[in-house]
Amino acid sequence: MIAGMAKTLPRNADVAEQLELLSDILELEGEAAYRLLAYRRAAALVREQPGLVAELALEGKAKELPGIGKTIEGKIVEIVNEGEIRALTKHKALVPPDVVEFTRLPGLGPKTARKIWQELGVTTLADLKAAAKAERLRVLPGIGAKLEERIVKELSGKRKAPEEVRPLLGVGLPAVQAVVTVLRAHPAALEVSDAGSVRRRKETFRDLDIIATASEPAALTDYFTKLRWVEKVAAKGESKATVVSNDGLRFDLRVVPAGLYGNLLQHFTGSKHHNVALREDAVRVGFSVSENGVKDVESGEVFKTGSEEALYEFLGYQYIPPELRENLGELEAARNGELPELVELSDLRGDLHAHSTWSSDGKNSIEEMAAEAKSRGYSYLAITDHSHYLRDGRLEAQAREIEALNETLGRFKLLKGIEVNIRADGSLDVDDETLAGRDWVVASLHTAFDKNPTERVISAMENPNVDCIGHLTARKINRRGPADIDLSRVFETALATKTFLEINSQPDRLDLRDAHARAAGEAGVLLSISSDAHSTRALAYPELGVGQARRAWLTKEQVLNTRTWPQIKKLLG
DNA sequence: GCCGTTTTCGGCCCGACTGTTTTCAGTCG
């Protein structure tokens, strides 16, 4: 690329999408499965990278990522130079676009879609529905009345939203924790745990998984389906049930034999990619791993365990915390005994981003916020009300209130903070002299997210009064995508200017997100985990932020507010 | 197409469920 040439590189999501589409199309053409698997793995990997994989590909460094080789790297370069993978352009012309859509229908996979297309000449969704209605699909071997019926039903329903909305962790986590608590109290229950993506603290989820052992499995399952908030029982057997709650959340309970609890908890915690990689590793040393145990292929002996820890140990790994189980390097690190000791919620000593009624959207007074922070065991709380509500002498009045309260709070300290806006031109909406009088200054983007966001953040960091950047990309999960921030430049500037970055714990922000926070940590940037609370209740949000920090492989040392306020002050220089 | 604590060639996770079948392929997680 020519130096200085402003060329917009494709986002990782776009690269991944092209790789996935290519594999879908090739599969419909009958291509060998393992090439497709390689594309799909590469796509999944690309999605989870913090930096632009396209940039790495241009430098010839994308193939250092496990799962990307010379060929796929070349395809990514094609996306940069020509907008699309050449093979994708070519093969798109060979397979009717609707045939790819066929496979999105539940129960209809690539093999069946291919047969319908090739042998019946059906190429559009409308034709497919008509053929199913006219019972013309059942002439094909392997297709019967049931599938025809299903196709008609699926295609008759109102068009589903193009992308399914996944509920937020902040909604699912308390919900699943409440159900786990209720089930544990049942006399038949022995062990009960959350599982699945929520246990891994992934930012959104599809359903909520619970694993249990019980003296009487049927009794526990039955109790589960009769809890008062259950609106619908979608499936129910002796040891497995699925229910939908009155707020639309899907809960899955599996009651498993005690002797297999470790194997099954591991299996149902996932992620899928982690489990696949773990099983591949095991195959190489002669073990076959499944939810039913670890089988020694040669002797036929099966290792079953009630403990997840024992399972990882048996396979030759350190115990891998659920938050790390994404096949992003944790297996290798665990094999070598190099996993980091992850930060925990109880490590937090204070909160550096919170609002009070001085911000018009705040629900509680400073006094109430302080009492709640104190009761959480914190030794400090930064009140960072929005700058625009603190004009015309209100800032001074607020400061006096904080000072007066500090007289009454013993060793607990309220910090005079402020959250300033980074304007569209990169300047701050509060003058330097005012900022210099505050203990703690957070600067955030709140508007014009597509207007030079990187430059604006950098110019804010270069102001010596700014201590921390709030919610860096300003995304709102399911509502607004992230601003296009050049992370490596931001990290570089953060280190040079001694500015911290935040993991904002608001359920719909979680910003920095996991991959970004991991990259920040690797770059040596310290991160604060803060609530951005606008009410006393929201001071509990850092549980979610700590989840993201753990997914980002962060240790206690890499998190700023595991320190006391005097220690932080020293770092501010 | 990718990759190596046997390997640069010859493998590539595992099982449950479903609908279609008389023994299994395809789909799903």
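The figures here come from the full heavy-atom set of this structure, side chains too, leaving out hydrogens, waters and symmetry mates. What you are looking at is a predicted structure, and each value in this text was computed from that prediction instead of being measured. Numbers restart at 1 for each chain; the letters A, B, ... are given by sequence-line order, proteins then strands.
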Closest to side chain of Pro106(A), choosing from dC3(B), dG15(B), dC28(B) | dC28(B)
Between Leu37(A) and Arg138(A), just flag the one whose closest nucleotide in DNA chain B comes earlier from the 5' side.
-> Leu37(A)
P spacing across the pair dT27(B) / dT20(B), given as an integer number of angstrom | 13 Å
Provide the distance between the two C1' atoms, one in dC17(B) and one in dT23(B), to the nearest whole Å.
-> 16 Å
Syn versus anti for dT7(B), judged by chi lying within 90° of 0?
-> syn
For atom CG of Leu65(A) and atom P of dG1(B), their distance in whole Å = 18 Å
Atom-to-atom span, CD1 of Ile211(A) to P of dG29(B) - whole angstrom = 16 Å
Just call it for Ala145(A): base, sugar-phosphate, or nothing, with non-hydrogen atoms closer than 4.0 Å on any strand.
-> sugar-phosphate
If you check the Ser288(A) side chain, which of dG1(B), dC14(B), dG29(B) turns out closest?
-> dC14(B)
Between dC12(B) atom P and Leu36(A) atom CG, what is the distance in whole Å?
-> 17 Å
How far, in whole Å, is dT6(B) from dG11(B) if one measures between their C1' atoms?
-> 13 Å
Pairwise C1' distance, dT8(B) and dC3(B) [rounded to whole Å] | 9 Å
So what does Leu26(A) touch, heavy atoms closer than 4.0 Å: a base, only the sugar-phosphate, or nothing?
-> nothing
Closest-nucleotide ordering on DNA chain B, the 5'-leading residue of Lys146(A) and Leu105(A) | Lys146(A)
If you measure from the P atom in dG26(B) to the same atom in dT21(B), how many Å do you get, rounded?
-> 13 Å
Please lay out, stage by stage, how Phe287(A) and Phe314(A) fare under the test ring pair (Phe, Tyr, Trp, His ring centres under 6.0 Å).
-> CA-CA 11 Å; Phe287(A) 291 122; Phe314(A) 181 81; 5.3 Å; yes
Flag if over 12 foreign heavy atoms under 6.0 Å of CD, Glu78(A) = yes
In plain terms, say whether Asp24(A) and Arg104(A) are close enough for a salt bridge, that is, a side-chain N and a carboxylate O under 4.0 Å apart.
-> yes
Between Lys236(A) and Asp222(A), is the closest basic N to carboxylate O distance under 4.0 Å?
-> yes
Interatomic distance, Leu264(A) CG vs dC14(B) C1' [rounded to whole Å] = 13 Å
Touch check for Ile68(A), heavy atoms < 4.0 angstrom, all strands: base, sugar-phosphate only, or nothing?
-> sugar-phosphate
Would you mind reading off the distance between Leu28(A) atom CG and dT27(B) atom C1', rounded to a whole angstrom?
-> 14 Å
Whole-Å distance separating the CZ atom of Arg206(A) from the C1' atom of dG29(B) = 7 Å
So, Arg250(A) side chain and Thr242(A) main chain: donor-acceptor pair closer than 3.5 Å or not?
-> no
Over 12 foreign heavy atoms within 6.0 Å of CD, Glu301(A) = no
Does Glu73(A) pair with Lys61(A) as a salt bridge, N-O distance under 4.0 Å?
-> no
Mind checking the P distance from dG1(B) to dT5(B)? Whole angstroms is fine.
-> 23 Å
Take atom CZ of Arg40(A) and atom C1' of dC2(B), then tell me their distance rounded to the nearest Å.
-> 16 Å
P-based separation of dT7(B) from dC2(B) [nearest Å] = 22 Å
Any idea which of dG29(B), dC12(B), dC2(B) is nearest the Tyr34(A) side chain?
-> dC12(B)
Taking NZ, NE, NH1 and NH2 as the nitrogens, is one of them in Arg335(A) or Glu313(A) under 4.0 Å from a carboxylate oxygen of the other?
-> no
Gap between atoms CG and C1', on Leu208(A) and dG29(B) respectively (whole Å) | 16 Å
Taking the C1' atom of each, how far is dG15(B) from dG10(B), in whole Å?
-> 25 Å
Just compare dT20(B), dG1(B), dC3(B) and give me whichever is closest to any side-chain atom of Leu147(A).
-> dT20(B)
Measure from the side-chain N and O atoms of Asn275(A) to the backbone N and O of His267(A), and report whether any donor-acceptor pair falls under 3.5 Å.
-> yes
Salt-bridge criterion met for Glu154(A) and Lys129(A) (N-O under 4.0 Å) = no
Using a cutoff of under 3.5 Å, can you pull out all pairs of nitrogen or oxygen atoms linking the protein to nucleotides 5-8 of chain B, with atom names and distances?
none

Test: Glu31(A) and Arg35(A) ion pair at under 4.0 Å | yes
Sort me out a list of protein N/O and nucleotides 22-26 of chain B N/O pairs below 3.5 Å, or just none if empty.
residue, atom, partner, partner atom, Å
dG26(B), O3', Thr112(A), OG1, 3.3

Quick one: label Asn292(A) by what it contacts on the DNA or RNA (base, sugar-phosphate, nothing), any heavy atom closer than 4.0 Å.
-> sugar-phosphate
Is the shortest distance from a Lys or Arg side-chain nitrogen in Glu203(A) or Arg509(A) to a carboxylate oxygen in the other one below 4.0 Å?
-> no
Partner nucleotide of dT8(B) by Watson-Crick or wobble geometry (both distances under 3.5 Å) = none
